[in-house]
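Model, not experiment: these values are computed from the prediction. Lettering of chains follows the sequences in order, A, B, ..., and the numbering in each one begins at 1.
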2 protein chains.
Amino acid sequence: MKEGPDIARIGALMGDPARANILGALLSGKALTATELAAEAGITGPTASSHLKKLMEGGLLTQAKQGRHRYFTLAGPEVGAVLEAVMGLAARRGHLRTRTGPKDPAMRAARVCYDHLAGDMAVRIFDSLQARDFLAISKDKGGFGLTEAGSGFVREIGIDLDALTSGRRPLCRVCLDWSERRNHLAGSLGAAFLTHFVDQGWLRREKTGRIVHISPKGQAELKALFPVV
Amino acid sequence: MKEGPDIARIGALMGDPARANILGALLSGKALTATELAAEAGITGPTASSHLKKLMEGGLLTQAKQGRHRYFTLAGPEVGAVLEAVMGLAARRGHLRTRTGPKDPAMRAARVCYDHLAGDMAVRIFDSLQARDFLAISKDKGGFGLTEAGSGFVREIGIDLDALTSGRRPLCRVCLDWSERRNHLAGSLGAAFLTHFVDQGWLRREKTGRIVHISPKGQAELKALFPVV
DNA sequence: TTCATGGTTCGATCTCCATCGAAGCATTGT
DNA sequence: ACAATGCTTCGATGGAGATCGAACCATGAA
């Protein structure tokens, strides 16, 4: 009957600092064990277990038991997108008290948003794609697709486009960037970009956290591949 | 340094049932007084005042004092979009326990998302616009714009397009629909559509709440204006 | 002025829930 | 078999904050 409770249910899950830290750590897209997450959030095992249980019941996390470990990940890209959007609100209305830590510039430059790239470089890529008419509005699930030229471009880079379109996950989605307040590319193509650039050695993900470093070579290659108009 | 606290700050604001009800009521886009919101949330004046203060400090609400009344609204369309997205998470992962109240079908059919239309009809409109190539990816702020044909169509309906593009608010934005999991149109054009259709008598907003009723005439007119392909 | 209405501040109460230690279960390794 | 590691459950504790009544300020009406 009321929409309030729905908001409250999810909000309460995100509202606890320990749980928020857990979610933030999982925004890296990595699968982390309960003990790793406990350390990340600065809490003990039992407390983490309780939180993880609630996050599972709330549908924000999924669990994969492997051996005696239990790996947790965000339940899906949409969860990551919502978390990014929430962080966007915090950053925007944070007003004067913008807590810009030391890692902040690196985060703004390039970071992982669950399974795709976000930050300045991601926005640049999106802008470049649209400027060259590689993206088009379509009736696909994500609402967007590749043009003929765009498909050619993606294949030329060395990405197996057919593999991406086979699944039922949308190829292209837009995701609102927290730091830039602009759109960047999500969907299976966005995810493929990230993994491909990492494979090429152009990007390097930090072992822990969401920050992505761009190698000198990657900087050059990406600037060449995605020129700004 | 950590992204957790940002999430927690906003999450805690949304996490309280009373505050969530307040936010849900304001999703209608209407400006409501403190007492109205207190009644809506089922709390007394002092409690509401405390909550509203926190929501203000958190940047989710803005306040306009007029006479001895104090009118509260969401701080902006982005706040509404995030709230819708959060509700989407709740609805999606709610799975078996989908709390579909009596008002639910009406909400799914057509509702207000702060200042524009959402729900089944809104998705239909978006689909129809894109199918006829009225929308295009652009370098505008919102990431999307109208094509030549689209501009003509909008003007033909009777909307003053120049007035919309003059402000610095993006003309077209996409907003993810909670019930349909598809895109619908936001931005200044989305807002203009809503007000225009209401002016025409095609849509009627309930005095309280977010539900929008479609008149028989509106049903016919809108179906004619936005055919599905 | 005097009254009435809308809102806020203050102080006290109370409920909820995050937290941790200890014990228990599961899985792997020796 | 036994030990060790990862994780969960249980129970008790503590603290944050939601709530309300009463008093207080502000604005408009009589």
Ignoring backbone atoms, test whether A:T44 places a side-chain nitrogen or oxygen under 4.0 Å from the OP1 or OP2 oxygen of C:dC20.
-> yes
Rounded to the nearest angstrom, tell me the gap between atom CG in A:L37 and atom P in C:dA18.
-> 16 Å
The residue among B:L55, B:L83, B:V82 that forms side chain to side chain contact (heavy atoms under 4.5 Å, CB included) with B:L74 is B:L83
Mind checking what makes salt bridge (Lys or Arg N to Asp or Glu O under 4.0 Å) contact with B:R169, not counting sequence neighbours?
-> B:D115
Extract, from 5' to 3' on DNA chain D, the first and final nucleotides lying under 4.0 angstrom from some heavy atom of chain A.
-> D:dA4 to D:dT9
Which residues share a side chain to side chain contact (heavy atoms under 4.5 Å, CB included) with A:I157, sequence neighbours left out | A:F153, A:I159, A:F193, A:H196, A:L225, A:F226
Quickly work out the A:E57 CD to C:dC17 P distance and round it to whole Å.
-> 13 Å
Please state how far atom NE2 in A:H51 lies from atom P in C:dC17, giving the value in whole angstrom units.
-> 12 Å
Sugar-phosphate, base or nothing in reach of A:A48, heavy atoms under 4.0 Å | nothing
Checking all strands, does B:T35 fall into the base, sugar-phosphate, or nothing category for heavy-atom contacts under 4.0 angstrom?
-> sugar-phosphate
Partners meeting side chain to side chain contact (heavy atoms under 4.5 Å, CB included) with B:A118 (sequence neighbours left out) | B:R111, B:C113, B:D177, B:H184
According to a strict under-4.0 Å criterion, is A:T47 in side-chain N/O contact with OP1 or OP2 of C:dT19?
-> no
For A:D162, enumerate each residue passing the salt bridge (Lys or Arg N to Asp or Glu O under 4.0 Å) test, keeping only those at least two apart in sequence or located in another chain.
-> A:R155
Side chain to side chain contact (heavy atoms under 4.5 Å, CB included) filter on B:L176, not counting sequence neighbours, yields A:R173, B:N183
Which residues pass the side chain to side chain contact (heavy atoms under 4.5 Å, CB included) test with B:K53, sequence neighbours left out?
-> B:E57
Please list all pairs passing the salt bridge (Lys or Arg N to Asp or Glu O under 4.0 Å) test where one or both residues lie in residues 204-214 of chain A, with sequence neighbours left out.
-> A:E84-A:R210
With sugar-phosphate taken as primed atoms, P, OP1 and OP2 and all else as base, the protein-contact string of nucleotides 23-30 of chain C at under 4.0 Å (heavy atoms; B, S, -) is ----BB--
